[in-house]
Amino acid sequence: MRLDKNVTRIAVPSKGRLQESSETLLKAAGIKYRKRDRALFAHVEGLHATILFVRPDDIPLLVAEGAADLGMVGQDLVHENKCDGRVNVRLELGYGHCRLAVAVLANGGPKTVRALKGKRIAASLGHSAREFFRRKKVDVTLLEVSGSVEIMVALGLADAIVDLVESGDTLRDNGLEVIETVAPSQAVLIETPKPRDAKLNELLVRRLEGVLTAQQYTLLEYNIPRAKLVDSEKIAPGFDSPTISDLEDPKWVAVKVMIPKKKSVEIMDKLESIGASAILETPILNCRL
Ligand code: AMP
């Protein structure tokens, strides 16, 4: 198998936390490929595109340099690799949520960033940590480590750490607590400024966007007296506007509307209270709006 230089390239993590979710999202968007063991790339079925399986840390640079047209990666790594201004963030992918945070010993550690002046800080994202303390005008000695950051305080190597935190369980297990958030992060789709095939990039972005929107919305169908239609539209205005169909009884109409998934139960309660009936909620697998 050869890597054709004219074929659009999508860089996805070859390992780590974001790998599985990234591949699941691609498949849901109909971006299908057969991955061979140890292969570093795979052709996308039916499209002039290739998936590159690469180290997550390398993805921002590959996209910034145009070696890949699109990339799925954590925002934290885009910033850490100084690529913020060199790539376009096209989509927030809704997984890989975490925050870069400063943590200290829960029991007796310094409680403010200012109190870390002159202390040793262990960090895996060195550039982001250095930039944070510089912005805060707090002089510290930074120890850049590649993993197990949480253990550095217990080992006596550092007074505090700067690390990615999701639930905070790992920190707690190591007797640490967050004293300040440096930046929130989630997985994003980044795009090179000069893609090989801008039209194909757009198609890929739209496909992924369709799945992401579908994940956030559900479809609600209900019947309502025509006289209550205006009230029901206030409760659930829909993404564009609801679809209204006539029923046999001229006093009633059927409504179909997209609603935010998180609010569905609340919306159903309200519709029922104004006289809606046969209220059905169904999931949306994919959509284009
Ligand atoms: P990896 O190091 O390859 O497992 O992937 C780490 C990426 O997952 C980071 O760049 C973050 O964007 C994201 N992430 C989400 N939660 C966490 C967490 N608790 N620790 C580290 N990375 C996280």
Side-chain angles (χ1 to χ4, degrees), residues 9-26 35 38-42 51-65 67-68 70-106 121-132 142-155 158 160-191 208 212 215:
R9 300 163 185 179
I10 310 163
V12 304
S14 57
K15 63 183 185 77
R17 267 169 212 267
L18 304 184
Q19 184 203 351
E20 201 182 326
S21 306
S22 302
E23 295 204 33
T24 304
L25 177 57
L26 287 172
K35 192 174 172 183
R38 287 186 302 194
L40 298 179
F41 60 93
I51 307 291
L52 303 179
F53 304 103
V54 285
R55 277 177 56 104
D57 334 32
D58 294 336
I59 293 177
L61 193 66
L62 289 179
V63 176
E65 293 287 330
L70 292 166
M72 301 167 97
V73 67
Q75 274 167 326
D76 54 302
L77 289 182
V78 177
H79 187 69
E80 178 63 17
N81 288 286
K82 304 178 191 164
C83 288
D84 309 75
R86 303 185 60 202
V87 299
N88 301 321
V89 175
R90 294 298 309 268
L91 298 172
E92 290 185 337
L93 298 177
Y95 55 86
H97 287 280
C98 58
R99 58 186 170 136
L100 188 63
V102 184
V104 298
L105 270 184
I121 317 291
S124 53
L125 302 179
H127 165 66
S128 306
R130 196 169 302 112
E131 185 191 59
F132 171 76
L142 214 66
L143 291 165
E144 277 192 55
V145 291
S146 53
S148 309
V149 189
E150 297 92 348
I151 206 163
M152 298 301 160
V153 178
L155 291 177
I161 63 165
V162 175
D163 200 13
L164 292 169
V165 184
E166 195 181 347
S167 63
D169 289 347
T170 316
L171 286 185
R172 259 190 303 281
D173 292 347
N174 287 282
L176 301 170
E177 70 177 6
V178 170
I179 57 165
E180 192 151 329
T181 295
V182 176
S185 178
Q186 68 168 297
V188 286
L189 180 75
I190 54 173
E191 182 182 46
L208 292 165
L212 295 171
Q215 285 170 357

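First listed ligand is number 1; within each ligand, the first listed atom is number 1.
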Using a strict 4.0 Å cut-off to heavy atoms of [X], name the atoms of ligand 1 that fall inside it.
| X | result |
| --- | --- |
| L18 | 8 (O) |
| L164 | 9 (C), 11 (C), 19 (N), 20 (N), 21 (C), 22 (N) |
| G96 | 15 (C) |
| G16 | 1 (P), 3 (O), 4 (O) |
| P56 | 3 (O) |

Requested in this report: Report, as yes or no, whether the 6.0 Å neighbourhood of atom CD on E144 holds more than 12 heavy atoms from other residues, nucleotides or ligands.
Outcome: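 Yes, the 6.0 Å shell around CD holds more than 12 heavy atoms from other groups.
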Report task. Name all residues meeting the salt bridge (Lys or Arg N to Asp or Glu O under 4.0 Å) criterion together with K82; count only those two or more places apart in sequence or in a different chain, and write none if there are none. Result ->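 Expected list: none.
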Query raised in the report: With sequence neighbours left out, what residues match E191 under salt bridge (Lys or Arg N to Asp or Glu O under 4.0 Å)?
Result: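 E191: salt bridge (Lys or Arg N to Asp or Glu O under 4.0 Å) contacts with R90.
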Report task. Have a look at D76, L100, I59 and point out the one with the heavy atom closest to atom 12 (O) of ligand 1. Result ->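 Ranked by closest heavy atom to atom 12 (O) of ligand 1, first place is D76.
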Query - Proximity winner for atom 14 (N) of ligand 1, if only heavy atoms of G74, S21, A187, C98 are counted - result: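 Answer by nearest heavy atom: C98.
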Query raised in the report: Side chain, backbone, both or neither: which part of L77 comes within less than 4.0 Å of ligand 1 when only heavy atoms are counted?
Result: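 It is the side chain that gets close, since no backbone atom is under 4.0 Å.
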Report task. Kindly state if atom 20 (N) of ligand 1 has a protein heavy atom within a strict 4.0 Å cut-off, that is, under 4.0 Å? Result ->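 It does; a protein heavy atom is within 4.0 Å.
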Query raised in the report: What is the closest protein heavy atom to atom 1 (P) of ligand 1, and at what distance does it sit?
Result: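 Ranking protein heavy atoms by distance from atom 1 (P) of ligand 1, first comes R17 N, 3.7 Å.
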Query raised in the report: Got an N/O contact under 3.5 Å between Q75 and ligand 1?
Result: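 Between Q75 and ligand 1 (N or O atoms, distance only) the closest approach is not under 3.5 Å.
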Between [X] and [Y], is any pair of side-chain heavy atoms under 4.5 Å apart?
| X | Y | result |
| --- | --- | --- |
| L93 | L212 | yes |
| F132 | L100 | no |
| L171 | D163 | no |
| H97 | E166 | no |

Query raised in the report: Non-hydrogen atoms of P13 versus ligand 1: any pair closer than 4.0 Å?
Result: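 Not so, P13 does not reach ligand 1.
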Query raised in the report: Counting distance only, does the side-chain N/O of E80 pair as donor-acceptor with the main-chain N or O of H127 below 3.5 Å?
Result: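 It does hold such a pair.
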